[in-house]
Every structure is written in structure tokens, then in C-alpha cells.
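Chain identifiers are assigned alphabetically (A, B, ...) following the order of the sequence lines, protein sequences preceding nucleic acid strands; residue numbering begins at 1 within each chain.
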Amino acid sequence: MALRLTVLSFLISLSACLPPQVRAQARYTLTGLVRAANNAEALPGATISVPALGLGATTGEDGTYSLSLPAGRYQVVASFIGYESQSRDINLTRNQRLAFQLPEAGNQLGEVVIEGSGTLEQKLQTTQMSVERLTAREAKLLPALFGEVDILKTLQLKPGVQNGGEGTSGLFVRGGSADQNLVLLDDALVYNPSHLFGLFSVFNPDAVQSVDLYKGGFPAQYGGRLSSVVDVKLRPGNPEKFTASGGLGLISSRLTLEGPLQKGKGAFLISGRRTYFDVFTRQINRLNEDDPDYNPIPDYYFYDFNAKANYKLGDKDEVFLTGYLGNDKFGFNSQNGFNFDFNWGNTVASLRWNHVFNPRLFLNTSASLTKYRYQISNKLDQFAFNLSSDIRDLTLRSDLDYTPNNRHTLRFGVTATQHRFGTGRLQAGSQDGSVNFGSDITYNGTEAALYASDIYKPSEKLQLEYGLRLSGFQSGSDAYGGLEPRAAARYSLTPNLSVKGSYALMYQYVHLVTNTGASLPTDIWYPSRKSVQPQRSQQVAAGVSWLLGDGRYLITNEVYYKWAQRQIDFKDGAQLFVNPDLDAEFLFGRGWAYGNEVYLEKKQGRTTGWIGYTLAWSKRQFPPQRGTSGINNGKPFYPTYDRRHNLTVVGLHQLTERLSLTGSFVYTTGNATTLPAGRFAVQDVFGDDLAAVPIYPDRNSYRLAPYHRLDLGVVWKLKPNRWFLESDLTFSAYNAYNRRNPYFVYFDQVRSGEDGPVTSYRARQVSLFPVIPAVTYNFKF
Amino acid sequence: MLSNVKRSLLARKLAGLLVLCGLASCNLEQNIDVDLPVLPAQLVVECYLEDGQIPRLTVTETVPYLSAPDPAVPTDVTVRLTLANGRVETLRFLPGQNAETGKFFTHTGLQKLVARPGETFRLEVTDTKGRRVTGTATMPRRIPIDSVQYEFNSLPPGQREAYVLTKFQDPVGVGNYYRLQIHRDSISEDPEIDYDVEDRLTDGKQITLGTSYRFDPNDTLLVTLYHFDRPYYLFRQSINDAQNANGNPFGQPSSIKSTVEGGVGVFTVLSYQRRQLVIK
């Protein structure tokens, strides 16, 4: 009851911010859409300014803006980095719409801009801190592993973001684990955003428009995960004409088709890609099928499809449809009757309805479905074994944006998700029926939240953003909930110097069940129920932003401290598959992380790029509990992704109009890992299984060697010809100086002869990728 | 213009260089030096009592992982075994090797053990440094094998192979653990089949364990079904997990769940039934 009153009074206090309608007299609203002239793509993050009044606004994710201005004659300027600015004169005597179509910058500098979304000036002025925005167009310029552009891996080059291991796309943000990231695709949740055990993310760069990564200071509309929000937006199709684009790469190819729907009414985009390892491995297997000693190479491929369509129902209504379907398929068929198939993938669909009540009031309502599942099928002679797990969400959400005046921007919303957790389905049997047993464990849960927030600008120097989110979760007879306050502030000390601060509290009601320390396709999601309570974290951050060199450089320094309760891990030897009493396998602890992130970026000119350095600590502690000694005997330990130092240097240089050189360098402290310190021998009952059994010291007490890598690339834009409007060749060298970075270390026995006695033990370091050159051909026609 | 051409040529050369980089060697494993903490040496006990057999056990010590592979056998260890009837027997330090199985032991009793299901035994191992390892073990009930059958596949004679099905009844109540071993000809050889199962999903039901088509006509198979308790199962699981974590980049290190206290190792009483099956 008290909780309800608190929320109610907060919402009432927010509504008190709304000025009486009479104040709006003699003010009118200017709204419109900013698009790229060449492909009619909406441009989120573009700036609309009225220099005479010193007022401005930024376009939202759909490229629209709204400005409240007093009646009068003005010059309105639209600008977006990489595009030529446009100005228009208007006489504002009523609410008015004004659209812009910005041509690409004539000097092609747009092609070497790393962060096209948002100018450095905007970054200085915004209240929002701890956020990184990247567009697919920018990510495509940087060298990539196998030439496969991956927008999530590009985010790993930002300060405060760690990867999970060599080549993987998992994000570990400010001491949080990979399952604590809220990954959204057009507002729909994606549970497992990776292909091939994390080596590639599920986001096809041809279909993605941009991604925003929030590391802290989370706006109130986001919730459900502790550590970060990865908000991926698919780009809308070309509303003017039909185009096709694609790419031929070392390991995959891509094709995208897009075009208008009832010209002027809408547009569609369909994009697909598929790897072709399996085409080569099948040929190799076929060539060796007569060799009795040959072990066939397993089949592996992945594919994904993205689709997006938008359609205007009228002046005030537009609907957006987004779909994603991706699958990884791994198969092995041996000649001795052993068949193994392993399939996993995500399905996402969302339908959003955008309604404009008036230029100051927008409503977005969406319904989405998301599903992740895996299935393992084994067949050995007459025996068959199937194991599968899935999670399926149905979500409804509604967000209301209201801009009563230029001082307040209000947002309210409500969301509800119905989860179904299929934590384990097992079916085992034989063809003759002599063996037959199965199990099916399914739980349901409902997650709901409502929120309200306000961006308030009391003066030119001070800007505040505050909000409150009330979230809850119910599974069976267990119910949990809590208030999640969010707050951020920016104060401008001088026109070029701002200080910022933020606070956020987050709850996470669903938990990843894994004891591998990494995100794998076999991950299971589990609801808060019985003894498994929601995870909770709080984060405070403070920072300073300084615009230097006539606005060409921005240096930002942020310091943060994050503390989390009810973090989860699992007992040694926990039975995580098909366990009806999975609750009993959980262990609970706390985590805390702190650090400092320095970030220097340059966005304009022939040479652009950034330098980021992070000094950070992350720790976890699981005390003795549930009949165990906890983890690490209850002592604090560093998670494997704790990295003390992390330096990234990213540079792009426009050599000629058609030629760009790109490079990135990464240096990080080595992974924390556990190596056995001792051993003992066991013989088993008959003495036929003499083995050295490792004894492990404190968890993650050993550091692998530091990781560093240089990637180089060349982007060569080819001249348009009768076939292609645009095309380019992208050359890249991943790990250009061929550094043997440690992936893991293991201990090995050295024997005298092949089957002789053990003479000594040694430590071996395994690296994953040597230098990998790649070339990709991209085209558009 | 000229500078643009030069830049273009430079870029082409650079691109070519990037491709040539791929010719670099791909040796992705290397020996490294590691600095490991030194753990205090603990006594390691491995003792499987068996009805009708002379009690024997092995007492060794834990050693640094990268030390020489020579066995660390302490010579100052006293072993006392308390039998089910309360009598305490001191096992002699007499290192040796079982002639039949090749298994090493350090301490041995004098007379054959009598053990019945439900009877409890205690073990105490001490040394002159003050280390003391104790353990208690109760013999589980013997679970009879209901049937052992084989079935040939449909390949032509001379190529056909058989699978084996072993059936037994799990008692009502979760918490029973089994190990199935199938040896070919003799138990002194490595088993053809060796795996553990638990009754978590098959409580109170008849359990059928099968093999692939792998046995030949005229094979003589020794099928052994062990029934054991949770501590011994957890010990076996933990040593498997600890071994698998070495060399697995996704593995988490596992602590050893010993059935003894004060040291490392296992003390248990074996309970099994063995059947002979001849493939004809």
C-alpha cells in the first residue's frame, strides 16, 4: 500500500510539472522528419537548431523532432555529421511540420566518421551519461575478424566494456556478467544474441541502423537486467525506390532487399545471411570418405533473417513490423552409427503502433514475441536421446511521450511480459521400446512494470533527468517487486565544460543457469521463484566532459561504483539439466565493481577515432551456505572478466576520396582464471584408471598473460558502374602482428614414448586466432 | 591527382601485405612458465572395502602439480580400521601390487573382511606430523541384475555386432547411484563400458542401461552393477569435474568432495553384483 502511494505521489508530482495550457499561448510546435537524401533513411540523433533563440532539439530514433517555439520568423538549421547542413526560413504562426533531406557531405568525410550519431557538442550537453551509440555504417569501416562486421564486437572497443574471450561478441559491462545485459531488437528482447558459441552476434550489420549501449544512468523505460542495455534498432527500408545490397565474405554472404510500400505510405526491408563452412567441410568429408581412419568434420552453419516494414495509416498513425529468425545448426554423423544434432536460435517478432495525438504527445504501443530454444538430438544405434530447453516471452508495452514545453520532456509507460520457461525436456528411448523415459519441466512467470520520467531543464546550465520505475514478478505463488529510482544531472561550468552524475537501481527477475562462466547455446533461463530471489544492483557514476580544440575533441572522464545483491552462481557439480529441484543448486552472493573510464574522441576531419582507457576492479563473494562452503571458501574473488587495465585506440584516416585506412589496437590485463596448484593420484577400484586429479587453489587467482592485438583495414570504394550504384572492397587483417594471445592454459603430461610412463608435467597455452586476413566485397544496386 | 594515385598504389600494396600476413605460421599452442601457489601437502586415502577380500588401501600425499611424477608415499602413517563388530584392526604398512589387477597399495590387513549391507566401518589414518584423516562408510544394499541380454544388428555374418541391455529395479526413494561396468574376458583389463547413473528421473522404476553395437560373437563379458551412496557418487563426480576443467576453456574448477575428513580421498564399501554373459 505504501509502495502504491509512493508511486502515485511521484506521478502526481510529475504531472505538477505540466504547465497550464494557458502558458502555451503564443507558442507553436515545429515538428518534422530528418532523412538522408540518398536513401531516404531516417537520421536519428540529428540536430535541429534555431540559432536566433539558442534552442535546439535532437531527432529521436525514428528521425523525428519536436520544438516548441514562440510565434515568429526564424531560420531553422538541420545538421548531422557526415551530411551537409540545411537551413530553412519559416514564419511560425501555427503548429507546423518541416522536413529535411540532408545530402551526404560532398568530401566523403561521412564515410570515415566513427560516431555519426550525435555531435560532440550534443554529448557534452546531454544529461545522459555512460552511453555509447554506434551505427552499423560506422562499424562497417573498422577491421573485423574474418571480415565479418559485428556491431557488438565494435562496442567492446568502448571504455567500460570487456569481451568474454578472444573473438567473442559477449559484453561484460562495468563488472556485470553477460546475462545481465538487456539486449533489445526494436524493443523486443533477445535472449541469446550470439552465433557460433559467441564468435558472432546475431545482428546482421546490413539490417541494423544503430545500437545504443547504456552502461549506467539507465533511463526509467529500461528494466529487467542489472548491468547494461543494448538497444539495437533495425533500419527502415528505402521509401523511395527498390534497392538490393549485399556482401560476399570469407565465411558468409549477405543480401538485403528493400523498397517502398504504396509509395509514400511505407517501406520494407528483408535481409538475410548464411555462413558456408559446411559447403567446404562436406566436400572435404566426401573426398575422404574412403579413408577408414578419417574423422569427418562436423557440419556447421548459421543463418538469420531480418525483416522490417513500416506503413502509415494516416497523418497520425504509423505501424512498424519487425521480425528476426536465426538458427545455428551443428551436426555430426559418424560411420559407426552415432548421430549428433545440435540446433539453437532466436525468434523475435514485434508490432509497434505509433500514434501522434498532437505535436507534443506521442504514443507508442507494441506487442512482441521472443523465443530462444535449443535442442540436442543424439542417436546411437537403436538408442535415441533428445534434450531441449526454451524460453518464450509475450510482451505488451505502451510508452507515452509528452513535451509540454521546452523545459520538460515527460515519458510514461507500462509493460507486461508473460514468460514461459521450458527449463528442460528430456526424452530417451530405444527403437524396441525397452528403454523409454522422459521429463518435462516448465514454469510460467509474469513480469510487469510501470514508469514515469522527466527531463527537466531549469536553466541553460542545469539539466536534470529523473524517473521512477515500479517493477514486479510473479511465478506460481511467489511474487516479488520493488521500486527502481533513476536520476541524472548535468551542470555546465562553462560552454565547453560539463559535470554529470547519475544513480540507478535495477532488478533482474530471470536468471541464466550456467556454470561455465560463459554464455553457451545450452544456457537455461530460470524465473525468480521459491528460494531464488531477484537480483538487484545499484550504480552511482560521476563524470566530467570537456570540449577541446574548437569542438573537434571531446574528453570524458567517468568514475563509477556498482554494488549488487543476490548474485547467483552454482554449487560445484550442480545438476543443471532436467532438474526439477534446480532451486537447490543455486548459491547466492554479492558483487561490487568500481573503476574510472577516460575517453578522448575526435569525430571530424580526415583523421578520426578515439582512445579509451579503463582502470577497473570487479569482485564477487559467495559465503558458506546450503551445506556448502560457498565459493572459494566464502572469500571474495575476481570473476574471469575482471580486467585491471583496458586500453583501446581506434583510428580512421581518409587517404583519398575512395580509400580509407582503419586500425584498432587493444590492450587488456589477462583473464583471471584458475589453474590447478596441486594434484594427487587415484587408481579407482581395479587400479586400471590411474589418473592425476587436479587440486585448485583460490578461484581465479591466476592471471593469463596480457591480451593485445592490432587490427588493420583498408576500405576501397569502387566507382559506380552500370551494374552497381555503390560497391567496395574491404581488406582487413585481424591480429596483424600475429600475437599469440592466451585463450586458456592447461596442464599436460609428458610421456616417454607414445604409451610410455609419465616423465613430467608442463603448462600449455592455447591461442585461438593467429593473424587472419580477410576480404569482403559489398555492393548495392 | 598524382598524390591520389600514389596513395591508391600505397593502399593496394598495403592490402596485399595484409593478405600475405595469412601465410604466417599457425602454431597456436606453446609451453609457458606458470607461477603457482604452493599448497600444504595433504594425506590422500583411497580405500574400497569389499566383502570376502583382505582390506587394503593406498595412502599418498598431494604434491605440486608440476612436480616430478614420482609417487609421494609417506612411510610414517598408521591405519586403523574399525570393523562392523567394533573390533579395531591396524593395517600394516606393506607397499605392494595386486598381482591380478596390478593395483598398488601401501597398507594391508591380515584376514578377509566380512561385510554385510547396512554394516558400518570406520577408518582412521594418522602420521607423525599430526595429520589425521577419518572416514565412515556403510555398505549399501546389493541391487540384483534382473537380466542381461544381447541383440545383434542386421549386418552380414562376420561383420555383425551386438549391443547389451542390463536391467535392474531401482528401489523407491531418490538417492540411489549406480555404476555399470562391462569387461571383456577379464576385470583386469580396461572396461568396455563404464558409466555412472542416478535415479533422479527413474525413481522406483526398472532401469535399462544399454550399449552401442560393439560386442562380437564369442565375447565373454563380465557385467558388474555397483550400487553406491551419495558421498561416493559425489566423490567420483568431483574428480571427473576437476579433471575435465583442466583443458576446458568453459569449465569451472571443481573442488574435490572427499568422503573422508582431514584429508583427501575416498573410503567406501563396495556393493555389487556381477554376471557373466557369453555372446553366441
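- For the atom pair OG of B:Ser255 and CD1 of A:Ile695, the computed distance is 11.0 Å after rounding to the nearest 0.5 Å.
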Please step through salt bridge (charged side-chain N to carboxylate O under 4.0 Å, His left out) for the pair A:Asp684 and B:Arg236, ending with a clear verdict. CA-CA 9 Å; A:Asp684 204 357; B:Arg236 288 179 52 77; 3.7 Å; yes
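- Only the side chain of B:Leu39 comes within less than 4.5 Å of a heavy atom of chain A; its backbone N, CA, C and O stay farther away.
- When each of A:Ala681, A:Ser629, A:Pro676 is scored by its heavy-atom pairs under 4.5 Å with chain B, the top score falls to A:Pro676.
- Using a 4.5 Å cut-off between heavy atoms, B:Asn240 makes no contact with chain A at all.
- Using a 4.5 Å heavy-atom threshold, the side chains of B:Ser254 and A:Tyr696 count as separate.
- For A:Tyr761, the parts sitting under 4.5 Å from any heavy atom of chain B are the backbone and the side chain alike.
- Listed here is the closest heavy atom pair of B:Ala242 and A:Pro694: O-CG, 3.4 Å.
- Residue A:Asp581 holds its CG atom at 9.5 Å from CZ of B:Arg200, rounded to the nearest 0.5 Å.
- Pairing each heavy atom of B:Pro253 with each of A:Arg699, the nearest pair is O-NH2, 4.2 Å.
- Annotation: side chain of B:Thr62 is not in contact with side chain of A:Arg679 (no heavy-atom distance under 4.5 Å).
- Proximity to chain A is limited to the side chain of B:Val264, based on heavy atoms less than 4.5 angstrom apart.
- For a residue to count as touching a neighbouring chain, one of its non-hydrogen atoms must lie under 4.5 Å from one of that chain's; by this rule B:Lys257 touches chain A with the side chain only.
- We find the CD-CD distance between A:Gln765 and B:Gln30 to be 5.0 Å, quoted to the nearest 0.5 Å.
- A:Ser767 places none of its side-chain heavy atoms less than 4.5 Å from the side chain of B:Glu29.
- For A:Gln683 and B:Tyr48, the side-chain atoms include no donor-acceptor pair closer than 3.5 Å.
- By the 4.5 Å heavy-atom criterion applied to side chains, A:Leu426 and B:Leu201 are counted as neighbours.
- Nearest approach of B:Asp33 to A:Tyr702, heavy atoms of both residues: O-OH, 4.1 Å.
- If you run side-chain contact (heavy atoms from CB on, under 4.5 Å) between A:Val685 and each of B:Glu46, B:Arg179, B:Gln181, only B:Arg179 comes through.
- For B:Ala68, the part lying under 4.5 angstrom from a heavy atom of chain A is the backbone only.
- Using a 4.5 Å cut-off between heavy atoms, B:Val63 contacts chain A through both its backbone and its side chain.
- Both the backbone and the side chain of A:Asn579 come within contact range of chain B, judged by heavy atoms closer than 4.5 Å.
- Using a 4.5 Å cut-off between heavy atoms, B:Phe104 touches chain A through backbone and side chain atoms alike.
- B:Glu161 does not touch chain A: none of its heavy atoms, backbone or side chain, sits under 4.5 Å away.
- Between chain A and the residues B:Val34, B:Asp241, B:Asn98, the most heavy-atom pairs under 4.5 angstrom are made by B:Val34.
- Interface residue A:Thr759: only backbone heavy atoms are found under 4.5 Å from chain B.
- Both the backbone and the side chain of B:Asn246 come within contact range of chain A, judged by heavy atoms closer than 4.5 Å.
- With a threshold of 4.5 angstrom between heavy atoms, B:Gln237 approaches chain A through side-chain atoms but not through N, CA, C or O.
- Proximity to chain A is absent for every atom of B:Ala41, based on heavy atoms less than 4.5 angstrom apart.
- When the shell of 6.0 Å around CZ of A:Arg751 is examined, it contains more than 12 heavy atoms from other residues, nucleotides or ligands.
- Taking the side chain as every heavy atom from C-beta outward, A:Phe680 and B:Ile256 approach each other to under 4.5 Å.
- Contact annotation for B:Leu234: neither backbone nor side-chain heavy atoms come within less than 4.5 Å of a heavy atom of chain A.
- Put simply, the side chain of B:Leu36 reaches to within 4.5 Å of the side chain of A:Phe747, judged on heavy atoms.
- Residue contact with chain A, scored on non-hydrogen atoms closer than 4.5 Å, involves the side chain of B:Thr58 exclusively.
- Separating the CG atom in A:Leu675 from the CG atom in B:Asp35 is a distance of 11.0 Å, to the nearest 0.5 Å.
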